[in-house]
There are 2 protein chains.
Amino acid sequence: MKDVAKKAGVSVNTVSRVLNNRGYISDKTRKKVEGAIEELNYIPNQVARNLYKNKTNLIGLVIPDISHPFFSKIAKFLEKDLYLKDYKMILCNATENSEKEKEYLTMLQENKVDGIIIGSHTLETEFYTKIRSPIVALDRYLSDSIPVISSNHAQGGRLAAEKLIESGCKNVLQVVGSRKVDTPSNERHVEFEKMMKENGIKCNSVELEWNKFNFSDYESVSKYILEEYPDVDGIFSVDLVASSIIKYAQKKNIQIPEELKVVGYDGTDISQIVNPSITTIRQPFELISSSSVDILDRLIKKEKGIPLKNIFDVQLIEGETTL
Amino acid sequence: MKDVAKKAGVSVNTVSRVLNNRGYISDKTRKKVEGAIEELNYIPNQVARNLYKNKTNLIGLVIPDISHPFFSKIAKFLEKDLYLKDYKMILCNATENSEKEKEYLTMLQENKVDGIIIGSHTLETEFYTKIRSPIVALDRYLSDSIPVISSNHAQGGRLAAEKLIESGCKNVLQVVGSRKVDTPSNERHVEFEKMMKENGIKCNSVELEWNKFNFSDYESVSKYILEEYPDVDGIFSVDLVASSIIKYAQKKNIQIPEELKVVGYDGTDISQIVNPSITTIRQPFELISSSSVDILDRLIKKEKGIPLKNIFDVQLIEGETTL
DNA sequence: TTGAAAGCGCTAACAA
DNA sequence: TTGTTAGCGCTTTCAA
């Protein structure tokens, strides 16, 4: 910048003004400065600006696994929505590792990110509340002061239950995440079970280990389910597990949907890719993402009256795994 | 930091020393400073450090689509390898948008990232060579001064061809990306076609639109292929397209692998998720990622003799879509 | 309409 | 072993 100023024969102040289009500048001076910028191929140093303004336009996204279709889809939309508001995303893949998550959260604060979107959850509540940066939670209850954005899991549970009931199931099973972790997603399983009970339908639950995102884990769960519950005629689980169950059922020559109905949750591309395509409860990725960014942006701008619970309706996508 | 210094009754310099474990410090002073840090819940400002050191430990990852299984898998490994070297990743999803890619590249330079990993490719070579930051290319030839890291596509093409030949195919078809863009991946199609010619096997190629990553696009391609080339008995394409072809073939009651053999490319989870699982050429994600980070790191450290071509062997994963 | 100077929070010579 | 000071590249007040 000094070089530009020298070349143009003006002060750094003037250069700054040209760059930021601020204050009075004569056309002649502007031209001179712009010429010098061009000639020197000058690139403004955003780090210096960030230091002065104490604002970086960086947002940290902390998730368990970017290679999981749900998170990669959410990340895609978040990136788009952040970009539109001129934020950049630091991707923090916490894996299933609380140490890494902690280090990332510390790093994000040291790097003065403007805000944090967190879809991970391996630490104690206390750790999240101690964070001074604006923060929103994706599908996780971190504390009662941190806004949460999620799909309407209760509605999803009901839609799934309805569909399986409608399809004539008499003995269903749902695959649930660990009940030990308090997430909105538990609500869909509560609702699902409730509706089944109300309709006098047998309903088993199989618990999946928390934060296990591995296809071979799904395979063993699928095997376990179909061996241990041979009479089950309807299953409700996230798309990825559903796809694995379907595959295993096909190997065992169980007809889908005739003998076994399946309803997925998430609405990732997986549900369309497999054959038969999965009837699934699609999470509103677009709304979850845009709302997350919007809420976070308002938090950053210190607005008041920001809603703490932001729940968005899901949609049942008719596939070929139900009648 | 000033507050910490005041509280501890020392100079900011001393605080800096404690933080960085540098120079001589008496145990007593250190304790005092650490106490003050603790008490004030002080978090060092990395932005100020970055400004002084002219180093941010940030790396930009520019890709076309994070929700594509190939890129989300690569991103996962890259994040892990970068984290191990204390780099943070800024995720830049360029979509199919050259304007966005350009803006991102400018932004990354303004933000003084230490380096850029680029798996996108919508701009003219000139634009990439103008970038002063260290830069490596994933599976793209950007210029002859930018190191490229990719899988051994030629070998992959040969392995795929061998497999289909071995399985008895007489009339094969491969789905290729746009030939207009100069990427290493073209090499696998050249090799594939060559081997087929050498063995007197009919070989068609269908060109896929560049940078189209949408399952419904794949569906129309699948439909087109199976309608227009009803006699084809072997297909070679990326996993995602392969999965779509398989699904469509199943709808038409074409037996796989008896009537139609399929070999995929990539080795994403998709190949395991679908039924039958796809025989696929797995790209060495781990090596591509660790090599990219290693090369970039050496570029950042201004080492000499950094290899420009870094090609890693692929592996054929036997699935159920070939004999 | 422009320039001089202070300061964002930190590090690193140099001095004490 | 510790403090003083300059400066990283920029923005902004204040004065000219």
Side-chain angles (χ1 to χ4, degrees), chain A residues 1-37 40-58 86 88 106-114 132-133 300, chain B residues 1-37 40-58 86 88 106-114 132-133 300:
Chain A
M1 181 151 155
K2 247 192 292 190
D3 299 342
V4 173
K6 196 182 286 173
K7 181 129 218 155
V10 298
S11 74
V12 287
N13 179 347
T14 309
V15 177
S16 169
R17 277 160 137 133
V18 172
L19 286 171
N20 297 288
N21 253 319
R22 189 178 22 74
Y24 302 107
I25 287 175
S26 71
D27 259 15
K28 213 175 68 191
T29 322
R30 162 170 283 127
K31 288 270 178 307
K32 269 196 302 189
V33 173
E34 280 168 351
I37 288 175
L40 294 174
N41 211 334
Y42 164 76
I43 297 173
N45 184 330
Q46 195 65 43
V47 178
R49 286 180 179 165
N50 291 347
L51 176 60
Y52 186 88
K53 301 205 162 176
N54 200 25
K55 173 143 179 42
T56 57
N57 276 32
L58 285 169
D86 211 33
K88 300 131 236 169
T106 305
M107 180 280 279
L108 290 173
Q109 293 178 81
E110 289 182 351
N111 279 274
K112 296 277 167 198
V113 295
D114 289 351
R132 266 118 53 172
S133 323
I300 291 169
Chain B
M1 182 154 153
K2 247 192 292 189
D3 298 342
V4 173
K6 196 181 288 172
K7 181 129 219 157
V10 298
S11 74
V12 287
N13 180 347
T14 309
V15 178
S16 169
R17 277 160 136 131
V18 171
L19 286 171
N20 297 288
N21 253 319
R22 190 177 22 75
Y24 303 105
I25 286 176
S26 73
D27 259 15
K28 213 176 68 192
T29 320
R30 163 170 282 128
K31 288 271 177 307
K32 268 195 304 187
V33 173
E34 280 168 352
I37 288 175
L40 294 174
N41 212 334
Y42 164 76
I43 296 172
N45 184 329
Q46 195 64 44
V47 177
R49 287 180 178 164
N50 292 347
L51 176 60
Y52 185 88
K53 300 205 164 176
N54 200 24
K55 175 148 177 37
T56 57
N57 276 32
L58 285 169
D86 210 33
K88 300 132 238 169
T106 305
M107 179 279 281
L108 290 174
Q109 292 178 83
E110 289 182 351
N111 279 273
K112 295 277 167 199
V113 295
D114 290 352
R132 266 117 54 172
S133 322
I300 290 168

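Letters go in sequence order (proteins before strands), and every chain restarts at 1.
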Q: What is the per-nucleotide protein-contact pattern of nucleotides 11-16 of chain D, from the 5' end, where B denotes a base atom under 4.0 Å from a protein heavy atom, S denotes such proximity for sugar-phosphate atoms only, and - denotes neither?
A: BBB---
Q: Taking the side chain of Tyr24(A) as heavy atoms from C-beta outward, which of dT2(C), dT2(D), dC10(D) is closest to it?
A: dT2(C)
Q: Could you state the atom-to-atom distance from CG of Asn57(A) to P of dC10(D) in whole Å?
A: 17 Å
Q: Do Lys7(A) and Leu40(A) come close enough that some side-chain heavy atom pair is under 4.5 Å?
A: yes
Q: Would you mind reading off the distance between Arg30(A) atom CZ and dT2(C) atom C1', rounded to a whole angstrom?
A: 14 Å
Q: Between Asn54(B) and Lys28(B), name the one whose nearest nucleotide on DNA chain D is closer to the 5' end.
A: Lys28(B)
Q: Which whole-number value in Å describes the distance from Glu110(A) CD to dC10(C) C1'?
A: 13 Å
Q: Figure out the CG/C1' separation between Asp3(A) and dC8(D), and round it to whole Å.
A: 14 Å
Q: Rounded to the nearest angstrom, tell me the gap between atom CG in Asn45(B) and atom C1' in dC8(D).
A: 13 Å
Q: Minimum heavy-atom separation for Gly23(B) to Arg17(B), with atom names?
A: CA-NE, 4.5 Å
Q: Distance check needed: dC10(C) C1' versus Leu51(B) CG, whole Å only.
A: 8 Å
Q: Ignoring hydrogens, what is the shortest heavy-atom contact between Arg132(A) and Gln109(A)? Give both atom names and the distance.
A: N-OE1, 3.7 Å
Q: Rounded to whole Å, how long is the line connecting atom CG of Asp27(B) with atom P of dT1(D)?
A: 9 Å
Q: Work out which heavy atom in Ala48(A) is nearest to a heavy atom in Leu51(B); give both atom names and the distance.
A: CB-CD1, 3.7 Å
Q: Strictly distance-based, threshold 3.5 Å: is any side-chain N or O of Asn57(A) a donor or acceptor partner for the main-chain N or O of Asp86(A)?
A: yes
Q: Write down the atom of Arg30(A), the atom of Val18(A), and the distance for their closest heavy-atom approach.
A: CA-CG2, 4.2 Å
Q: Taking five pairs at each end, how big is the angle between the two axes of the helix from dT1(C)-dA16(D) to dA16(C)-dT1(D), to 10°?
A: 40°
Q: Of all the heavy-atom pairs spanning Pro44(B) and Leu19(B), show the shortest one and how long it is.
A: CG-CD2, 4.4 Å
Q: Taking the side chain of Ile25(A) as heavy atoms from C-beta outward, which of dC10(D), dC10(C), dT2(C) is closest to it?
A: dT2(C)
Q: Using the closest heavy atom to pick a nucleotide of DNA chain D for each, name whichever of Lys112(B) or Val10(B) lands nearer the 5' end.
A: Val10(B)
Q: Identify the heavy atoms of Thr14(B) and Val33(B) that sit nearest to each other, and give their distance.
A: CG2-CG2, 4.5 Å
Q: Report yes if at least one side-chain N or O of Ser26(B) is closer than 4.0 Å to OP1 or OP2 of dT2(D); otherwise report no.
A: yes
Q: Nearest whole Å is fine: how far is dC10(D) P from Ile37(A) CD1?
A: 10 Å
Q: Any side-chain N or O of Thr14(A) below 4.0 angstrom from OP1/OP2 of dT1(C)?
A: no
Q: Give a yes or no on whether Lys55(B) atom NZ has more than 12 heavy-atom contacts from other residues, nucleotides or ligands under 6.0 Å away.
A: yes
